[in-house]
Amino acid sequence: MTTTAETRNWLELPLDVTASILSRIGAIEILNSAQNVCSLWRNICKDPLMWRSIDMHNLGDLWDMDYDLVKMCVHAVDRSCGHLLDINVEYFGTDELLLHISERSGHLKRLRIVSCYNISDEGLSEAALKLPFLEELEISYCSISKDALETIGRSCPLLKSFKFNVQGCRRFHLESDDEALAIAQTMPELRHLQLFGNKLTNDGLLAILNGCPHIEYLDLRQCFNVSLGGNLEKRCVERIKNLRRPNDSTHDYEFYTEVHDTGSSDEDYPSGISDIDFMSDDYDDYFEFSGDSDYDFGYDYDAVLFD
């Protein structure tokens, strides 16, 4: 079959099929490459319903390629025209970006932020106040404290799933139930809770069991201050359908899991490393999102892209 025929067949696919295919390649690839293939794809990629879910997954090395990920993400959020329900931001999130997302996506149901060290307690708290419909939240390898967790719990009453992950640490036996208590006191509707590498103790676990009576899945892997046994273990087994214990296998965990045995403070955790590969290595045609950004959220990117 000739190249022309193959191209024609691609273009003759039903629009909903083409949209489904494009939605699977991720926002970065859509904005950088796919939307520039042809006018049909460009029009599909400008449909707000294409941006109900935005996946800005990356391995943290796109900065080396001079990518302005913040500008790309802002543009993707703006294209959703308020229809955004699900967004994943990795390695580049900021307080300003999170506020932009929350202000333009009041019906957001799922938020995932990974290794976003420029997101602060204050920034996350301000965004949470504008996300009353949030049902699923993941915060992995970010510098967030109990204060932000308390605000999230009070501001997001529909929250059913919460993942709050750090790197496990054995050597210093650091203990803190602050985050566990914040969860227990403000997130009573949780069904799914992952606390990979957390410093909580048995007291913190007991508080969660008391404060979150609907939990069905609890992941305590690499929570080395928790010692399950006796009545506490019995209660966990009776209450929780899927219990991951501190020393259970991490084979199905997404991030780097080597236990951290060195460091000088309880904030000394290495970043998580995702094990998912890029979908494409072809960035030769990249132009519109390269270079330094002025973070002008009102800029008309379509005018640059589609003159």
Side-chain angles (χ1 to χ4, degrees), residues 23 26-27 48-57 69-166 178-196 208 211-212 214-215 217 272 295 297-298:
S23 68
L49 296 182
M50 270 287 294
W51 301 95
R52 286 175 295 185
S53 178
I54 296 175
D55 183 6
M56 299 292 292
H57 167 75
L69 295 175
V70 172
K71 182 184 290 186
M72 295 175 77
C73 189
V74 166
H75 187 44
V77 171
D78 289 346
R79 280 194 179 185
S80 74
C81 297
H83 293 284
L84 182 63
L85 298 176
D86 177 356
I87 188 166
N88 172 36
V89 176
E90 301 184 18
Y91 290 98
F92 66 91
T94 65
D95 287 347
E96 294 78 12
L97 175 61
L98 200 57
L99 183 60
H100 184 79
I101 292 170
S102 65
E103 288 179 339
R104 286 159 175 76
S105 313
H107 290 85
L108 192 72
K109 291 186 176 181
R110 181 179 182 272
L111 172 64
R112 183 177 191 255
I113 54 175
V114 176
S115 298
C116 294
Y117 302 110
N118 290 321
I119 291 179
S120 67
D121 278 353
E122 294 77 14
L124 183 56
S125 296
E126 186 176 2
L129 293 171
K130 302 176 185 295
L131 299 173
F133 298 104
L134 197 66
E135 297 179 4
E136 300 179 32
L137 174 63
E138 176 177 347
I139 304 171
S140 292
Y141 307 99
C142 301
S143 301
I144 300 300
S145 77
K146 69 176 183 66
D147 296 328
L149 300 190
E150 290 173 351
T151 302
I152 291 168
R154 296 190 182 103
S155 305
C156 308
L158 302 181
L159 198 63
K160 301 291 192 300
S161 175
F162 184 43
K163 297 181 179 181
F164 188 67
N165 303 319
V166 297
D178 289 348
E179 295 146 355
L181 293 176
I183 293 168
Q185 293 167 3
T186 65
M187 303 181 187
E189 298 302 319
L190 286 181
R191 269 66 174 173
H192 184 292
L193 178 61
Q194 183 177 70
L195 294 173
F196 195 99
I208 288 173
C212 307
H214 306 296
I215 286 184
Y217 175 95
Y295 301 101
F297 289 171

Quiz prompt | Minimal non-hydrogen separation, Phe92 against Cys116, with atom names | solution = N-SG, 4.1 Å
Run the side-chain donor-acceptor check on residues 179-186: report pairs under 3.5 Å with partners two or more places apart or on a different chain.
| residue | atom | partner | partner atom | Å |
| --- | --- | --- | --- | --- |
| Glu179 | OE1 | Asn198 | ND2 | 2.8 |
| Thr186 | OG1 | Ala182 | O | 2.7 |

Quiz prompt | Any donor-acceptor N/O pair, Lys160 side chain to Leu158 backbone, under 3.5 Å | solution = yes
Quiz prompt | Which atom of Gly106 lies closest to which atom of Pro132, heavy atoms considered | solution = O-CD, 4.1 Å
Practice problem: State which residue, out of Leu111, Ile152, Val114, Val166, fulfils the side-chain contact (heavy atoms from CB on, under 4.5 Å) condition with Ile139. | Solution: Ile152
Quiz item: Can you find a pair of side-chain heavy atoms, one from Ile101 and one from Leu97, that are under 4.5 Å apart?
Solution: yes
Practice problem: Kindly indicate whether the side chain of Glu90, heavy atoms from C-beta on, has any atom under 4.5 Å from the side chain of Asn88. | Solution: yes
Exercise. Please report the shortest heavy-atom distance between Val74 and His100, naming the atom on each side.
Key: CG1-NE2, 3.5 Å
Exercise. Can you run down the salt bridge (charged side-chain N to carboxylate O under 4.0 Å, His left out) pairs that involve residues 134-154, sequence neighbours left out, and say none if there aren't any?
Key: Arg110-Glu136, Arg112-Glu138
Quiz item: Considering residues at least two apart in sequence or located in another chain, which fulfil the side chain to side chain donor-acceptor pair (under 3.5 Å) criterion with Arg52?
Solution: none
Exercise. Using side chain to side chain donor-acceptor pair (under 3.5 Å) as the criterion, list what pairs up with Glu126, not counting sequence neighbours.
Key: none
Quiz item: Residues two or more places apart in sequence or in another chain: which of them pass side chain to side chain donor-acceptor pair (under 3.5 Å) with Glu103?
Solution: none
Quiz item: Do Val77 and Arg104 have side chains that get closer than 4.5 Å, going by heavy atoms?
Solution: yes
Quiz item: Of all heavy-atom pairs between Leu98 and Ala127, which one has the smallest distance, and what is that distance?
Solution: CG-CB, 3.7 Å
Quiz item: Are Leu159 and Leu137 close enough that some pair of their side-chain heavy atoms sits under 4.5 Å apart?
Solution: yes
Quiz prompt | Main-chain N/O of Ser102 paired with Ser105 side-chain donor or acceptor, under 3.5 Å | solution = no
Quiz item: Does His107 have any ring-ring contact (aromatic ring centres under 6.0 Å, His included) partners at least two apart in sequence or in another chain, and if so, which?
Solution: Phe133
Quiz item: Between the main-chain N or O of Phe196 and the side-chain N or O of Asn165, is there a donor-acceptor pair closer than 3.5 Å?
Solution: yes
Exercise. Could you list the residues that satisfy side chain to side chain donor-acceptor pair (under 3.5 Å) with Ser120, not counting sequence neighbours?
Key: Asp95, Glu122
Practice problem: With sequence neighbours left out, write down each residue that passes side chain to side chain contact (heavy atoms under 4.5 Å, CB included) with Pro48, or none if nothing qualifies. | Solution: Cys81, His83
Quiz item: Residues in side chain to side chain contact (heavy atoms under 4.5 Å, CB included) with Tyr217, at least two apart?
Solution: His192, Gln194, Asp219, Arg221, Asn242, Arg244
Quiz prompt | Which residues share a side chain to side chain contact (heavy atoms under 4.5 Å, CB included) with Ala148, sequence neighbours left out | solution = Asp121, Leu124, Ser125, Ile144
Practice problem: Can you see which heavy atom on Ser80 is nearest to which on Trp51, and at what distance? | Solution: CB-O, 3.4 Å
Quiz item: Would you call Cys73 and Ile87 a side-chain contact if the rule is heavy atoms closer than 4.5 Å?
Solution: yes
Exercise. Kindly compute the distance separating CE (Met187) from CG (Leu193), expressed to the nearest 0.5 Å.
Key: 8.5 Å
Quiz item: Do Ile113 and Ile119 touch side chain to side chain, with heavy atoms closer than 4.5 Å?
Solution: yes
